[in-house]
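A, B, ... follow the sequence lines: proteins, then strands. Residue 1 opens every chain. These figures come from a predicted structure and were not determined experimentally.
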Amino acid sequence: MAALSAWQERLEETALAPVRRTGLRYWALVAFLLAVIGWGVYAYSIQLRDGLIVTGMRDRISWGLYIATFVFFIGISHAGTLISAILRVSQARWRTPVTRMAEFITVVALVCGASFVIIDLGRPDRVLNVFVYGRWQSPIIWDVLAITTYLTASITYLFVPMIPDLALFRDRLSGRTSRWRGWLYRAVAIGWVGNVAQRRSLGTAIGVLMILIIPIAVSVHTVVSWVFAMTLRVPWNSALFGAFFVAGAIFSGIAMLIIVMAILRRAYSLQEYVTEKHFVYLGYLMAAFAGIMIYANISELITHGYKMEEGVEFQFRQLFLTQFGPLFWFYLLGGLVAPIVLALLPRTRNVPGMVLAAGLVTTAMWIERYIIVVSGLRVPLMPYEPASYAPTWVEWSMLAAGLALFALLITIFTKVFPIIAVWEVAEDHEAMLARPDIARPAALKTPELAEGAGR
Amino acid sequence: MNLITRRAAWAAIVFLAVGASAVALAGPAFASHVSVRTTVPAEMTVGDTVRIPVALSAADGAPLQGATVVFYLHASFAGVVGEAEIGRAVTDETGAAALPYRPRLAGQHEIRIEYVTPGQGAVEEVSTVFDVIGGEQLYRSAPGIDIPGLNVGLLIAVVAAVWTILFGVALLLVAIARAGGEGGAPGGGEAG
């Protein structure tokens, strides 16, 4: 009992540590990220002043880096859904230490992704036109509905399981932190004392949300794909697009989660809770989705290539041989094949190997979104010379600022909110101690997988 | 030249210019060896189908039969200005040919009529200009398939159901807050 109490105390201290201690490196990181965002704000001011002419987008290729990044961010927002909801529904106990990080990623990625749509508009005030002149029959309206619903549900799903941990912060930091923090934790803990009625309500809320958020998340990326697939463009003319986008979203979401896990694990010394096992298990999931993506690509390419309708030949030529050849081959080999190899080889089945695979996947999936958007618009609709598109410094600056905003929001979140779902990890640990035959100690085991994961 | 003489000269010039314009627009147009007569209504409406008649006759007044007449519409689209062929007709035994034409845009329409004189092989032309008014939307998309129940109402129902569930979760949060205020047996700070 004393050992359990000491373990619980250590867990709580680990969760509280980021809030209690802030080093110089943290402020240096925040300053760097703010500088990048500041540069992006400057670039955006140029775009606001001069219009979208400062971008590489023109009448024929009217979507570019911004929309590719929007799709990319919406994709990685599926990390939270997968880890928190699907694994929670399937009662995969190993998920508990990484749940909160995945939920952070979901909310932050949605905020960043949605902002890129407004950036792409050129005139941000015209976002109101969607509400004033929007038509129910338009996929754009479905997109707005799906994303706003998903953002609301994700924020709720981040908040609800966090309530007991926020109460922990309220109690443990009372009088030992700044006034605004004390007020914040009192407000967001909504009077949690952990009584039976509260626990019952919390359990019901989590149960409802984890079921509800899965179809919402699937609908979001399906609808995002329909923005393309319901347009009369040869490369987008596919019934597979919805499933393809959802699989790609979960795929890139896992990759981003692995990267964020690795950074936070190192920054906040979470090695005891976020173990190599979590990386390897997520690596397996990532490899499985890489397999699904390979299958989807083959199905898509063979179906189109066999019929070779007008425009497909142009598309295939630019994908495999000319304009987008290097990017597309990197996506296929570096983003889909290599992660499977890295997850299967015992030598690379460890934290660095999985982080490398996740880095490849994240890069490749951004490239894939870019290729889908730009190559699709490049196929001529009439017999004219194909248009060209190259992002300008303004667009690259906005991309850098978007990524910096993503990193900054995660960084700030970790300094304010508990990065580990303390009560869930503790509950899992207690269950493991009570029934050691049904669960391996997710929060205690570390060394075995380093040499022999999955053997 | 006194004032009256000058006025008379100007009046004659204006009269000749107006007369020449009227002849150019409503024919007959005199080419080197054929005369062309084409008359169009002064004003048309978008969507109305009208006939643009052409009558070719030789210099001696005899109708020209079997001449091919080509009609071009002067147009500008997306910054490109040029002519588009809109139809062809062959003159009958009275020397007449006609093109059914349905203007789809309001504004001034300029049609150039080109013909080849039989035997001579020379290409000659005449132009006519007329105004088209109205703004009726002529394109109608196909109605598609109407599946009962599969419509906007269903979409709204699904979205409303999801938001109702989310509202239910919000009520649970209110219940949690109220249960905390009422006190009760602590459950160890954990959720079940």
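Between A/D143 and A/W226 there is no side-chain heavy-atom pair separated by less than 4.5 Å. Residues A/W136 and A/L145 are in side-chain contact: their nearest non-hydrogen atoms beyond the backbone lie under 4.5 Å apart. Contact annotation: the side chain of A/P139 never approaches that of A/V223 to less than 4.5 Å [non-hydrogen atoms, C-beta and beyond]. Between A/S62 and A/M57 the shortest side-chain heavy-atom distance does not fall below 4.5 Å. For the pair B/F71/B/L73, no side-chain contact is recorded, criterion being any heavy-atom separation below 4.5 Å from C-beta on.
Contacts between residues 213-221 of chain A and chain B, defined by a heavy-atom separation under 4.5 Å, are made by A/I216. Within residues 44-54 of chain B, no residue has any heavy atom less than 4.5 Å from a heavy atom of chain A. For residues 97-110 of chain B, heavy-atom neighbours of chain A at less than 4.5 Å comprise no residues at all. Applying a 4.5 Å heavy-atom cutoff, the residues of residues 148-159 of chain B that approach chain A are B/V152, B/L155, B/I156, B/V159.
We find the CH2-CG distance between B/W163 and B/L166 to be 6.0 Å, quoted to the nearest 0.5 Å. The CZ atom of A/R135 lies 10.0 Å from the CD1 atom of A/I141; values are rounded to the nearest 0.5 Å. Atom CZ of A/R172 and atom OG1 of A/T177 lie 13.5 Å apart (nearest 0.5 Å). Put simply, CD1 on A/I420 and CG on A/L11 are 6.0 Å apart, with the number rounded to the nearest 0.5 Å. Separation of atoms CG (A/L202) and CD1 (B/I176) is listed at 4.5 Å; rounding is to 0.5 Å. To the nearest 0.5 Å, the span separating OG1 on B/T94 from CG on B/L64 amounts to 11.0 Å.
Of all non-hydrogen atoms in A/A189 and A/R170, the two that sit nearest each other are CB-NH1, 3.7 Å. Here the closest heavy-atom approach between residue A/S225 and residue A/T222 is recorded as OG-O, 2.6 Å. Here the shortest heavy-atom pairing between A/V422 and A/E12 reads CG1-CG, 4.0 Å.
The pair A/E103-A/R88 meets the salt-bridge criterion, with a side-chain N (NZ, NE, NH1 or NH2) lying under 4.0 Å from an Asp/Glu carboxylate O.
Using modelled atom types, one side-chain atom of A/S138 and one backbone atom of A/I140 make a donor-acceptor pair closer than 3.5 Å.
Of the candidates A/W423, A/W192, A/Y185, A/Y185 is the only one forming a ring-ring contact (aromatic ring centres under 6.0 Å, His included) with A/F169.
For chain B, the nearby parts of A/A205 are the backbone and the side chain; heavy atoms of each come within less than 4.5 Å. With a threshold of 4.5 angstrom between heavy atoms, A/L212 approaches chain B through side-chain atoms but not through N, CA, C or O. A/T156 touches chain B through its side chain: at least one heavy atom from C-beta onward sits under 4.5 Å away, while N, CA, C and O do not.
In this structure, B/L138 places its CG atom where more than 12 heavy-atom neighbours from other residues, nucleotides or ligands lie under 6.0 Å away. B/F167 CZ: 12 or fewer foreign heavy atoms inside a 6.0 Å radius.
The candidate with the highest count of non-hydrogen atom pairs below 4.5 Å against chain B, out of A/T149, A/D59, A/L168, A/L209, is A/T149. Ranked by heavy-atom pairs under 4.5 Å with chain B, the first of A/E424, A/Q198, A/Q137 is A/Q198. The greatest number of non-hydrogen atom pairs below 4.5 Å with chain A, out of B/V169, B/L171, B/V174, is found for B/V169.
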